[in-house]
2 protein chains.
Amino acid sequence: MEIKNAVTALAALAQESRLAIFRLLVQNAPEGLTAGLIAEQLALPAPTLSFHLKTLAQAGLVNTVQEGRFVRYRAEIEGINALIGFLTDDCCGGHPELCTPNLKK
Amino acid sequence: MEIKNAVTALAALAQESRLAIFRLLVQNAPEGLTAGLIAEQLALPAPTLSFHLKTLAQAGLVNTVQEGRFVRYRAEIEGINALIGFLTDDCCGGHPELCTPNLKK
DNA sequence: TTAATATTTCCATATTATTAGAAATATGGA
DNA sequence: TCCATATTTCTAATAATATGGAAATATTAA
C-alpha cells in the first residue's frame, strides 16, 4: 500500500457518519446491507449517505453490488487489513517483540 | 473507545505528513526520536512539524518527554491498538470466522 | 550573563470537506 | 405504459484544516 492510498482510507474513516457506516458493515459482514437499511439504522438523509458511501468505496473500504432496485454494500476486509498492515509495518525496526505492549497486526 | 476518540485518531493519521511521522515513530519504537531528528528525516519546517506532533499527541497516538533542550516523541502503541480494535470490533456479528479473508485484530 | 540551539505559539492565507434540498436516473410492479 | 421506490448527482452555503514565516520560550554551553 502506498502512503497516499492509506491517507485516502484514513480520511474516509475520519468522519463520524462514515466511521459508523463502516463499523455497521463490519458487524454485518459478510452479507452487508442495502443503502436503504443503512440510512434507516443511522438516520441519515439519502444524499448524505450516498456521498459517504461513495467516499468509502473510492477508498477501497466498501464494495457494492446492484441487486435490482437496491444497492448492497459490504465492508472490504482486504482494504482494512491492508490499512492496518500499513500502520504497523516494520514496527521497532523489524523487531516487534520489543514493543510493550505488543502491536496488533 | 468512543467513536469521537476514534474519529480524532483517524483524522490525526489522515494527513500525509502526520502519517509519515507516526510510521517513522513506529519503526523507531520503542526509543522514539527527538523533534529535530523527525524534522530532518522528513524535511519538515519546525512550526509545521510542531503543529502535527501536537495533533498526534492530542489524539493519543504519540507521547512526549522533555530531555533537556530536546523533546523526544514515541509512538503510543496502546493508542493504535485501541483504534484497530475499534475498527474491527464485533466483526460479523461476533462470528469473525465468517470473514473471508479473516480480519486482522 | 550572553549566545546558540531546540521547540512552540501566533497568525494570515489557502485549500478542502460536509451538508441536505431539489432534481435526475434506474429498476420493477401494476 | 405509467407509477412508486431506491439511489445518485447537482449545487451552493457552511465549516474545518494545513501551511510556514516571524516572534516567543526554554534550555544548555561558553
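Within every chain, numbering begins at 1; the chains are lettered A, B, ... in the order of the sequence lines, protein sequences first and strands thereafter.
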Between D:dA30 (C1') and B:Arg69 (CZ): distance, integer Å: 11 Å
Any-strand Watson-Crick or G-U partner of C:dG29, both distances under 3.5 Å: D:dC2
Is there a side-chain contact between A:Asp89 and A:Met1 (heavy atoms, below 4.5 Å)? no
Now, which nucleotide makes the Watson-Crick or G-U wobble pair with D:dT27, with each of the two distances under 3.5 Å? C:dA4
Between A:Gln15 and C:dT19, does any side-chain N or O lie under 4.0 Å from OP1 or OP2? yes
To the closest 0.5 Å, what do you measure between CZ (A:Arg18) and OG1 (A:Thr48)? 11.5 Å
Kindly determine whether A:Leu83 and A:Leu13 satisfy side-chain contact (heavy atoms from CB on, under 4.5 Å), including the steps that lead there. CA-CA 11 Å; A:Leu83 179 60; A:Leu13 294 171; 4.0 Å; yes
Which of these passes side-chain contact (heavy atoms from CB on, under 4.5 Å) with A:Phe22: A:Leu24, A:Val26, A:Leu25? A:Val26
Closest to the 5' end of DNA chain C, once A:Gly68 and A:Arg18 are matched to their nearest nucleotides, is A:Arg18
Length of the line joining A:Arg72:CZ and C:dT27:C1', which is rounded to integer Å: 16 Å
Would you mind reading off the distance between B:Leu33 atom CG and C:dT7 atom C1', rounded to a whole angstrom? 15 Å
I need the A:Thr34 OG1 to A:Gln66 CD distance, nearest 0.5 Å. 11.5 Å
Remember a base hit wins even if backbone is also touched, and classify A:Thr55 as base, sugar-phosphate or nothing at under 4.0 Å, heavy atoms. nothing
Between B:His52 and D:dT19, does any side-chain N or O lie under 4.0 Å from OP1 or OP2? yes
A:Pro45 or A:Gln66, whichever maps to the more 5' nucleotide of DNA chain C: A:Pro45
To the nearest angstrom, the CG-C1' distance between B:Leu44 and C:dA6 comes to 16 Å
Let me know which of B:Ile77, B:Ile84, B:Asn81 forms a side-chain contact (heavy atoms from CB on, under 4.5 Å) with A:Thr88. B:Ile84
Using side-chain contact (heavy atoms from CB on, under 4.5 Å), reason through B:Leu19 and A:Ile3 one step at a time and then give a plain yes or no. CA-CA 8 Å; B:Leu19 182 53; A:Ile3 191 166; 3.7 Å; yes
Could you tell me how far apart B:Leu13 (CG) and D:dA18 (P) are, to the nearest whole angstrom? 12 Å
Pairs: protein N or O with nucleotides 8-10 of chain D N or O, under 3.5 Å:
{"from": "D:dT8", "atom 1": "OP1", "to": "A:Tyr73", "atom 2": "OH", "distance (Å)": "2.5"}
{"from": "D:dT8", "atom 1": "OP2", "to": "A:Ser50", "atom 2": "OG", "distance (Å)": "3.1"}
{"from": "D:dT8", "atom 1": "O5'", "to": "A:Ser50", "atom 2": "OG", "distance (Å)": "3.3"}

Integer-rounded Å distance: C:dA26 P and A:Phe70 CZ: 18 Å
